[in-house]
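Side-chain atoms are counted along with the backbone in the values below, which use heavy atoms only and exclude waters and symmetry mates.
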Amino acid sequence: MNKNTDLDLKLIAEDCGLFSKADSNVIISKIDDLSQQYSDFELVSIYNYMLMNSANPDVIMYLIRCTDMYRYPSSLEVLVDILLLKNGIAPSEDIREKYINVRVMCAKAIANQKNTDVVSSLLYCLNNKNEHYKVRLACADALGRLGDRFAVAPLIDVVKDEDEKSVYLRESAVSALGLLGDTRALDPLVSILESKQGILNKFTFLKERAIEALTKMGFGDNERVFRALKNSLSDESAQVRINAIEALMECDNPKAFETIKDCLINDKDEEVKKNALIALYNMSDRGILDEVIASSEYSDKLKMEAVSIIDEYENDDEDED
């Protein structure tokens, strides 16, 4: 293995065909062979140099994956420059879409470094409404994964911005807030649930993400959150109702059990009823299963589900005893 720390990076890049018009796969294969010749530290230096000088999006994507395997701090500035298009490479029109994917991959690799110094760069892309929505989505996700509380307020602004053209971006910002777990996000997340959009509205998925975020954050016995989740059990979307059941199962409100049981009895969707039954079983014991099996007010499908749970869990417990 080559131990020389005074590497001729340009020569190595030329040998790999980085500056030629060779096929991407040929260049990538030669870059891959470098792992047999150089130490980890040297490899990262080579990858960083190539990232700064390559204009081929396929090669850049491969190099980003390479740097992400090592996650050396020295790669961070290079990745940020690519994300912000400061690397001096102006992608031509025919590869512009591929370069968007390069920047998305950059945001993911940046988040994996777990260095909060890059928060401002991610926020810059997130808040730029002229930026491609895929890049903004990736930056929102990266902010959530980094876990820096400085990102909470800007993410809340995105969530609350009803003029935001991309509802997908608002969904991603909601998910990021769930990862951050900051209680400042409770009110804007609850406000989403309190809106009146129905099942045919694009905001249904936003409600689903909001409930998932509230569950991740934990909300204890917060009465406003409980009311919003209870009201969500009447939402036109079955998936919103299922998500609300799962969130109520995790809360500390003493009224949660009876609230879910009302859903078990009155909801018209069998899948929602099934999830309500599982939640109630997790919150109590076998009694709710026996009640469903014995009562005539429950469907045969639900009775079969109760029997299935007993067979899967209760009988296993008896075997262990």
Checklist entry - Rounded to the nearest 0.5 Å, how far does NZ of K255 lie from NZ of K230? => result 6.5 Å
Checklist entry - Does D68 pair with R71 as a salt bridge, N-O distance under 4.0 Å? => result yes
Next on the checklist: Between the side chains of K129 and D163, is the shortest nitrogen-to-carboxylate-oxygen separation below 4.0 Å, so that they form an ion pair?
Outcome noted: no
Checklist entry - In terms of ring plane angle, is the pair Y133 and Y168 parallel, tilted or perpendicular, where the classes change at 30° and 60°? => result tilted
Checklist entry - Between E208 and I242, does a side-chain contact (heavy atoms from CB on, under 4.5 Å) hold up when you go through it step by step? => result CA-CA 9 Å; E208 292 176 21; I242 289 171; over 6 Å; no
Checklist outcome for this item: OG of S74 to CG of L79, rounded to nearest 0.5 Å, is 9.5 Å
Item to check | Option from N266, V272, L248 for which side-chain contact (heavy atoms from CB on, under 4.5 Å) with L233 holds | outcome: L248
Next on the checklist: If you count every heavy atom of other residues, nucleotides or ligands that lies below 6.0 Å from E162 atom CD, does the total exceed 12?
Outcome noted: no
Next on the checklist: In the structure I gave you, are the side-chain heavy atoms of L34 and M50 within less than 4.5 Å of one another anywhere?
Outcome noted: yes
Next on the checklist: Please enumerate all residues that pass salt bridge (Lys or Arg N to Asp or Glu O under 4.0 Å) together with E271, with sequence neighbours excluded.
Outcome noted: none
Checklist outcome for this item: Between M217 and A185 the two heavy atoms that sit nearest each other are CE-CB, 4.1 Å
Checklist entry - Any side-chain heavy-atom pair from L43 and Y70 closer than 4.5 angstrom? => result yes
Checklist entry - Can you tell if the side chain of L122 reaches within under 4.5 Å of the side chain of L146, non-hydrogen atoms only? => result yes
Checklist entry - Atom CG of L51 and atom CD1 of I82: how far apart are they, to the nearest 0.5 Å? => result 4.5 Å
Checklist entry - For the side chain of K274 and the backbone of K301, is there at least one donor-acceptor N/O pair under 3.5 Å apart? => result no
Checklist entry - Above 12 or not: heavy atoms from other molecules or residues under 6.0 Å from NZ of K10? => result no
Next on the checklist: Starting from I28, can I reach Y49 by hopping between I/L/V/M/F/W/Y residues whose side chains sit under 4.5 Å apart?
Outcome noted: yes
Item to check | Step-by-step side-chain contact (heavy atoms from CB on, under 4.5 Å) determination, D148 to L143 | outcome: CA-CA 7 Å; D148 191 284; L143 287 165; over 6 Å; no
Checklist outcome for this item: For G178 and K216, the nearest pair of non-hydrogen atoms, with its separation, is O-CB, 3.7 Å
Next on the checklist: Can you tell me if E270 has over 12 outside heavy atoms packed within less than 6.0 Å of its CD?
Outcome noted: yes
Item to check | Shortest non-hydrogen contact from R209 toward S175 | outcome: CD-OG, 3.7 Å
Checklist entry - Do you know the tightest heavy-atom contact between A306 and L289? => result CB-O, 3.9 Å
Checklist entry - Taking side chain as C-beta onward, heavy atoms only, is S75 less than 4.5 Å from Q113? => result yes
Next on the checklist: Just by distance, no angles: are the side chains of N243 and Q239 close enough, under 3.5 Å, to form a donor-acceptor pair?
Outcome noted: yes
Checklist entry - Would you find a donor on one side and an acceptor on the other, under 3.5 Å apart, between the side chain of S232 and the backbone of D235? => result no
Checklist entry - Does a sphere of radius 6.0 Å around NZ in K303 hold more than 12 heavy atoms from other residues, nucleotides or ligands, not counting ones at 6.0 Å or beyond? => result yes
Next on the checklist: Please check this pair: side chain of S284 against backbone of L280, looking for a donor-acceptor N/O pair closer than 3.5 Å.
Outcome noted: yes
Item to check | Reported CZ-to-CZ distance for the pair R224 and R227, which is rounded to 0.5 angstrom | outcome: 8.0 Å
Next on the checklist: Let's go through L137 and V104 carefully: what are the C-alpha distance in whole Å and the side-chain angles of both, what is the deciding distance for side-chain contact (heavy atoms from CB on, under 4.5 Å) to 0.1 Å, and is it a yes or a no?
Outcome noted: CA-CA 8 Å; L137 282 172; V104 167; over 6 Å; no
Checklist entry - Backbone N or O of C263 within a donor-acceptor pair of the D267 side chain at under 3.5 Å? => result no
Checklist entry - Is there a donor-acceptor contact under 3.5 Å from the side chain of N128 to the main chain of Y124? => result no
Next on the checklist: Please say yes or no: joined through hydrophobic side-chain contacts below 4.5 Å, possibly via intermediate residues, are V167 and V240 part of one cluster?
Outcome noted: yes
Checklist entry - Honestly curious: do V26 and I60 fall in one hydrophobic cluster under the side-chain, below-4.5 Å linking rule? => result no
Checklist entry - Within the distance-only criterion (no hydrogens, no angle test), does the side chain of S308 pair as donor or acceptor with the backbone N or O of M304 below 3.5 angstrom? => result no
Checklist entry - Side-chain donor-acceptor pair under 3.5 Å between E246 and T215, yes or no? => result no
Item to check | pair D58-K98: side-chain heavy atoms closer than 4.5 Å | outcome: yes
Checklist entry - I64 versus V102: any side-chain heavy-atom pair under 4.5 Å? => result yes
Checklist entry - Would you say the side chain of E171 lies within less than 4.5 Å of the side chain of E212, judging by non-hydrogen atoms? => result no
Checklist outcome for this item: CZ (R103) and CG (L84) are apart, to the nearest 0.5 Å, by 7.5 Å
Checklist entry - Donor-acceptor pair, S295 side chain versus Y298 backbone, under 3.5 Å? => result no
Checklist entry - Hey, any chance V190 and L179 share a hydrophobic cluster, counting ILVMFWY side chains that come within less than 4.5 Å of each other, even indirectly? => result no
Item to check | Any side-chain heavy-atom pair of I245 and I278 under 4.5 Å | outcome: no
Checklist entry - Considering all heavy atoms of both residues, which atom of K30 and which atom of C16 are nearest to each other, and what is their separation? => result CD-O, 3.7 Å
Item to check | F19, CZ: over 12 other non-hydrogen atoms inside 6.0 angstrom | outcome: yes
Checklist entry - For the hydrophobic clusters of this structure (ILVMFWY residues joined by side-chain heavy atoms under 4.5 Å, transitively), does one cluster hold both V135 and V119? => result yes
Item to check | Any donor-acceptor pair under 3.5 Å from K207 side chain to I192 backbone | outcome: no
Next on the checklist: Distance check, rounded to the nearest 0.5 Å: I310 atom CD1 versus I293 atom CD1?
Outcome noted: 3.5 Å
Next on the checklist: Could you walk me through whether L229 and T259 satisfy the side-chain contact (heavy atoms from CB on, under 4.5 Å) test, starting with their C-alpha distance in whole Å, then the side-chain angles of each, then the deciding distance to 0.1 Å, before giving a yes or no?
Outcome noted: CA-CA 10 Å; L229 291 171; T259 300; over 6 Å; no
Checklist entry - Any luck finding a side-chain donor-acceptor pair between D40 and Y72 under 3.5 Å? => result no
Next on the checklist: Please give me the minimum heavy-atom distance between A176 and A140, naming the atom from each residue.
Outcome noted: CB-O, 3.3 Å
